[in-house]
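Only heavy atoms go into these numbers, but all of them, side chains included; no hydrogens, no water, no symmetry mates. Read the numbers this way: they start at 1 and go in the same order the structure lists the ligands and their atoms.
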Amino acid sequence: MYMKRYYFDYAAATPLDSSAEKAMRPYGSGIFGNPGSLHSFGQEASAAVFEARDTIAKSLGCHYSEIIFTGSATEANNLALRGVVKAAMKGGIKNPKIITSQTEHDSVLGTCRDLEGEGVEVIYLPVNADGIVDLKKLEAELNDRTVLVSIMLANNEIGVIQSISKVSEIIRNFREAQRQKSLGGQAKVKGLEVIYPLFHTDAVQGFNYLNCKAEELGADLLTLSAQKIYGPKGIGLLYARQNNESGIKNNGKQNSIIPNSKYLIHPIITGGGQERGFRSGTENVSGIIGFAKAVEVTDKLREKENKRLSVLQKYFLAKLKKVLPQAKLNGGEKNRLPNNINIYVPPKPGEKATAQDLVINLDLAGFAVSPGSACSARTCSPSHVLKALGHNDIRATSSIRITFGRQTDKQAVNNLLKAISKLK
Ligand code: PLP
């Protein structure tokens with residue numbers, strides 16, 4: 001018998017927007033040239049990539065040459081972290097240090113752990129019970145070996161939004177102090193000594209709902225993924241701040257010297273020199289076109305969707321208290337993406353329920369939710385994010401993530417609440 005299915009996992013993947021799909025269509029068999037080719041077939045593909053890059057740059061408030069397309073957000077995060085470390089080491093910094101948080105996505109944490117194996121010092125900042133990063137610790141950990149701070153804009157499991165402007169202010173102040181020191185000491189400023197620490201933010205989950213203008217955030221590097229914003233899979237990007245003519249640029253304040261972005265990062269994939277040498281490999285033309293269209297549509301819908309989903313989120317949480325009073329919200333209610341609800345569903349007495357069981361039961365009833373990113377279809381271990389909030393293993397394995405999106409309406413939410421009430 002046909003069963004209506006409801007999707008509540010927009011933080012994992014979003015359906016391709018119809019206008020993005022339409023924009024991509026000609027780039028399959030019609031306009032198929034390699035953008036690197038000199039002939040007209042290549043040049044029409046190259047022109048389309050240029051236009052798409054410019055569209056995205058305008059959305060991020062940056063120059064088109066500051067966008068590096070990658071195969072995924074995972075790759076963009078790798079490029080940010082590994083690329084900065086490589087450039088710093090080539091610039092003479094022997095024992096680089098990275099500061100990140102305990103609740104970052106695995107693509108940042110896994111890369112950090114790997115870099116630790118290569119001698120990089122990594123500090124994983126703690127968070128409070130709401131999931132907010134400890135900024136006092138950040139300030140205390142900055143030193144002249146710190147080449148990068150990587151703090152995400154919004155968390156993929158609990159939707160907590162970090163105070164990115166406060167993070168960038170701390171970094172800006174530290175850089176300025178370093179600059180004053182080097183001016184006073186050696187009376188010379190040689191770029192690399194004062195550009196660090198750079199600031200990277202993973203804005204993958206934030207872009208649908210938050211301002212992601214790189215300069216306003218004070219980010220030197222910023223990661224996005226098309227597949228989380230109703231664009232195609234297999235395409236991500238890294239924004240990498242570039243020098244302006246004077247070499248002085250930071251939030252409009254003349255207090256930080258940033259040399260040409262070739263110094264900010266070093267490529268991790270080498271070859272034909274695409275993406276100005278920062279990421280070799282033939283461009284994913286249709287993916288880039290779809291990405292740009294998805295960005296355009298998201299820019300138009302952001303405010304409206306933010307308001308609409310905030311109302312639905314409040315409604316859901318109020319109703320949840322009645323239908324499943326034992327459920328507990330993970331992460332603070334404030335400073336949270338409007339589409340994210342992450343709840344602990346305590347196991348029934350005598351039972352050892354896990355998020356996997358909850359997800360399977362809801363799936364059988366037609367509702368797709370997620371056990372959180374620590375659980376995949378293959379493995380299930382306590383969520384590192386929920387553990388960082390201070391929760392025990394039971395709570396960190398028996399929580400589910402519900403994420404709303406453009407197709408979520410009140411009726412779908414009511415139906416989900418009905419299904420959840422049966423978990424009692
Ligand atoms: N960063 C965040 C915050 C994410 O949520 C994800 C995916 O869930 C990624 C990075 C990695 O994205 P992708 O799987 O597209 O590489």
Side-chain angles (χ1 to χ4, degrees), residues 7-16 20 56 68-83 100-114 124 127 131 133 148 150-162 164 167 200-210 212 217 219 221-239 268-269 279 281 284 287-288 290-291 294-295 298 330-331 335-337 339-342 368-379 383-386 388 400-405:
Y7 187 72
F8 284 97
D9 200 11
Y10 286 83
T14 52
L16 185 59
I56 297 175
I68 302 164
F69 288 115
T70 60
S72 63
T74 297
E75 188 196 320
N77 283 342
N78 269 264
L79 178 57
L81 274 70
R82 295 180 196 279
T100 187
S101 84
Q102 291 175 2
T103 55
E104 296 298 307
H105 186 265
D106 278 332
S107 54
V108 166
L109 293 179
T111 305
C112 282
R113 276 183 227 112
D114 193 54
Y124 302 89
V127 298
V133 171
L148 184 69
S150 181
I151 306 282
M152 72 203 316
L153 176 58
N155 186 269
N156 46 301
E157 286 192 43
I158 54 171
V160 63
I161 301 165
Q162 300 296 339
I164 290 302
V167 173
H200 167 245
T201 190
D202 175 344
V204 164
Q205 295 288 344
F207 189 80
N208 278 320
Y209 308 106
L210 306 172
C212 285
L217 292 174
L221 301 144
L222 180 145
T223 297
L224 283 188
S225 165
Q227 62 129 343
K228 308 288 189 191
I229 62 162
Y230 304 82
K233 293 184 176 56
I235 183 84
L237 70 79
L238 181 70
Y239 153 81
I268 57 170
I269 296 179
R279 200 274 189 179
N284 173 356
I288 290 169
F291 198 171
V295 163
T298 303
N330 291 316
N335 299 317
R336 195 181 187 104
L337 289 177
N339 74 325
N340 176 295
I341 288 152
N342 188 314
V369 305
S370 163
S373 73
C375 255
S376 71
R378 292 171 289 279
T379 59
S383 150
H384 70 277
V385 174
L386 300 184
I400 53 171
R401 178 187 70 184
I402 295 157
T403 43
F404 301 161

Kindly indicate whether the side chain of Y239, heavy atoms from C-beta on, has any atom under 4.5 Å from the side chain of I56.
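No; the side chains remain at least 4.5 Å from each other.
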If we check side chain to side chain donor-acceptor pair (under 3.5 Å) with D202, which of these qualifies: N77, T223, N156?
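So, applying the side chain to side chain donor-acceptor pair (under 3.5 Å) to D202 and each of N77, T223, N156, only N77 qualifies.
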Pairwise distance CG(L386) to CD1(I158) - rounded to 0.5 angstrom
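Here the rounded value is 7.0 Å.
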OG1/T14 to CD/Q227 distance, rounded to the nearest 0.5 angstrom?
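Interatomic distance, T14 OG1 to Q227 CD, rounded to 0.5 Å: 6.5 Å.
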Taking V385's backbone N and O only, do any of them form a donor-acceptor pair with S383's side chain (distance below 3.5 Å, no angle check)?
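Yes: the side chain of S383 pairs with the backbone of V385.
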Taking the six-membered ring for Trp, are Y230 and Y10 parallel (under 30°), tilted (30 to 60°) or perpendicular (over 60°)?
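It falls in the tilted class, 30° to 60°.
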Need the list: ligand 1 N/O atoms against protein N/O atoms, distance under 3.5 Å, rounded to one decimal.
residue: ligand 1; atom: 1 (N); partner: D202; partner atom: OD1; Å: 3.4
residue: ligand 1; atom: 1 (N); partner: D202; partner atom: OD2; Å: 2.6
residue: ligand 1; atom: 5 (O); partner: Q205; partner atom: NE2; Å: 2.8
residue: ligand 1; atom: 8 (O); partner: K228; partner atom: NZ; Å: 2.8
residue: ligand 1; atom: 15 (O); partner: Q227; partner atom: NE2; Å: 3.1
residue: ligand 1; atom: 16 (O); partner: A73; partner atom: N; Å: 3.3
residue: ligand 1; atom: 16 (O); partner: T74; partner atom: N; Å: 2.8
residue: ligand 1; atom: 16 (O); partner: T74; partner atom: OG1; Å: 2.6

